[in-house]
Amino acid sequence: MNRGIWVTLGTALGVVGVGGALLYSRRASAASLPTPTPGPGPGPAPAIELAPLPRAADVKGDLSTNWGETPVDLRPLYVLMEEVAKIPGSARVFATISYRESRFVTTAHNGNATGEQDERDGSRLAYDNNKAKNPPLRYGPQAAEFGSGGLFGALAPYFLWTGVPEVGSKAPLLNAPPELVFQPRAAAFGAAVYMQRILRNYRVDDIADIKVGWANPSLLGSGRGGTKYHDVRARFLTDAVALNIDLFDTSTIPPKLDASAWPGVPAVFAGLVGALPKDLA
C-alpha cells in the first residue's frame, strides 16, 4: 500500500490498512498491551484490559456457515462488529480483510522491524500533516513513531482519530496510546467506523470495492479502473479463495453492503469496546 498517497487524504476516513505478513503464532485474547512506544509526551500509559473476545453466546449470527479457515475464536468478534455496526453481511468481509492485514495475529505490528521503515514514515506524516486539523492526541508523538498494526492494520494516528469526522473532540480514542490497536475489540471499533465511512462516502459497486477503499479511497474515484484498482481487487478475491470464504454466497454476504442503519460512533464504541479507563477517556 502506498502510504505517501494515504497521508495526503487526512483523517476523513479514520483507519487505514497494511499488508500483513504470515506469522507463526496468533494471539487473539484481549491481553495486556505491550510496552508503550517510547517518545516524548505524557509518559508510559497504564496497562489497559478491555473485555475478552466475545463468545458464541454473545452474538446472534451464524458462526459455522461460509467461514472457511477463519479462526473459530475470532468469528464472534466479526459477527459482533456486523451486529453492532448494523452493516448486514459485513462479518465475513471483515474476516477476509484481516486475513490480508494481519493473518489474524492481533498484535501484528508493521513499523518496528527492519524493512518496515515506510510504516513509521507513514505514521509520522499522517500525524504531522493532520495534527493541526484534528483534536490533539494525548500520545501523539508515540503514535507518530508507531507505524501500524492490529487485526486490521490501522495506521496509528488515524486509528486514534477514529470517529473525529462524526463526533469531533468527543472521539473516544484521543487519550489512548497507539498500543491499544493490539486489543481486538478496539481494532474492531476502528475497522467498523472505517467501513461505514467507505460505504457512505464512496461509490462501492461490490464487495471487492470495499477492499479497494481500504487500500486507498482515491482508487474508488479518480483511480477507478486503473492497474492498482484491479490489483487490489485481485488480491482480495485471491485472499477469499485462500481463506475459503465465498464472497458470492448471497445467503451470508449480499452483493453490496448497506451502512444506512449505522447507529453512530458512540453506540458502536459502547457495543464493541465498552469503556476505557477513566484517565484515558
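All values reported here derive from a predicted model rather than from experimental measurement.
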With a 4.5 Å heavy-atom cut-off, do [X] and [Y] have their side chains touching?
{"X": "V268", "Y": "P263", "answer": "yes"}
{"X": "V181", "Y": "H109", "answer": "no"}
{"X": "D58", "Y": "E83", "answer": "no"}
{"X": "F236", "Y": "W214", "answer": "no"}
{"X": "T252", "Y": "R92", "answer": "yes"}
{"X": "L137", "Y": "N175", "answer": "no"}
{"X": "F104", "Y": "S98", "answer": "yes"}
{"X": "L174", "Y": "P136", "answer": "no"}

What are the two closest heavy atoms between [X] and [Y], and how far apart are they?
{"X": "V193", "Y": "G163", "answer": "CG1-N, 4.2 Å"}
{"X": "F189", "Y": "P172", "answer": "CZ-CG, 3.6 Å"}
{"X": "P277", "Y": "I48", "answer": "CD-CG2, 4.1 Å"}
{"X": "L155", "Y": "G122", "answer": "CD2-O, 3.8 Å"}
{"X": "A144", "Y": "S123", "answer": "O-OG, 2.6 Å"}
{"X": "A191", "Y": "M81", "answer": "CB-CE, 3.8 Å"}

Within this structure, what is the [atom1]-[atom2] distance for the pair [X] and [Y], rounded to the nearest 0.5 Å?
{"X": "E82", "Y": "M195", "atom1": "CD", "atom2": "CE", "result": "9.5 Å"}
{"X": "L151", "Y": "L74", "atom1": "CG", "atom2": "CG", "result": "6.0 Å"}
{"X": "R197", "Y": "W262", "atom1": "CZ", "atom2": "CH2", "result": "9.5 Å"}
{"X": "S102", "Y": "I97", "atom1": "OG", "atom2": "CD1", "result": "11.0 Å"}
{"X": "L272", "Y": "Q183", "atom1": "CG", "atom2": "CD", "result": "13.5 Å"}
{"X": "L173", "Y": "Y139", "atom1": "CG", "atom2": "OH", "result": "13.0 Å"}

Please say which of I253, V241, L247 ends up in a side-chain contact (heavy atoms from CB on, under 4.5 Å) with T96. L247
Looking at [Y], is its backbone amide N or carbonyl O close enough to the side chain of [X] to form a donor-acceptor pair, meaning the two atoms are under 3.5 Å apart?
{"X": "R224", "Y": "L219", "value": "no"}
{"X": "E69", "Y": "L243", "value": "no"}
{"X": "E166", "Y": "V265", "value": "yes"}
{"X": "R100", "Y": "D239", "value": "no"}
{"X": "N66", "Y": "D246", "value": "yes"}
{"X": "W161", "Y": "P135", "value": "yes"}

Short N-O contact, [X] and [Y], less than 4.0 angstrom:
{"X": "E145", "Y": "R124", "result": "yes"}
{"X": "K256", "Y": "D258", "result": "no"}
{"X": "R55", "Y": "D73", "result": "no"}
{"X": "R233", "Y": "D206", "result": "yes"}

Between D128 and K131, is a side chain to side chain contact (heavy atoms under 4.5 Å, CB included) present by the stated rule, with each step listed? CA-CA 6 Å; D128 290 342; K131 62 184 179 181; 4.0 Å; yes
Is there a side chain to side chain contact (heavy atoms under 4.5 Å, CB included) between L180 and L276? Walk through the geometry before answering. CA-CA 10 Å; L180 187 67; L276 296 181; 4.0 Å; yes
Dump the intermediate steps for side chain to side chain contact (heavy atoms under 4.5 Å, CB included) on T107 and V105, then the final yes or no. CA-CA 6 Å; T107 55; V105 178; 3.9 Å; yes
Mark yes or no: R103 above the aromatic ring of Y99, with NZ or CZ under 6.0 Å from the six-membered ring centre and no more than 45 degrees from the axis. yes
Do F182 and F146 have ring centroids that are under 6.0 Å from one another? yes
Would a line drawn from the ring center of F94 to the ring center of Y78 be shorter than 6.0 Å? no
Candidate pair R185 and L80, rule side chain to side chain contact (heavy atoms under 4.5 Å, CB included), full reasoning: CA-CA 10 Å; R185 284 178 173 268; L80 186 65; 3.8 Å; yes
Indicate whether any N or O donor in one side chain lies under 3.5 Å from an N or O acceptor in the other, for Y229 and D209. yes
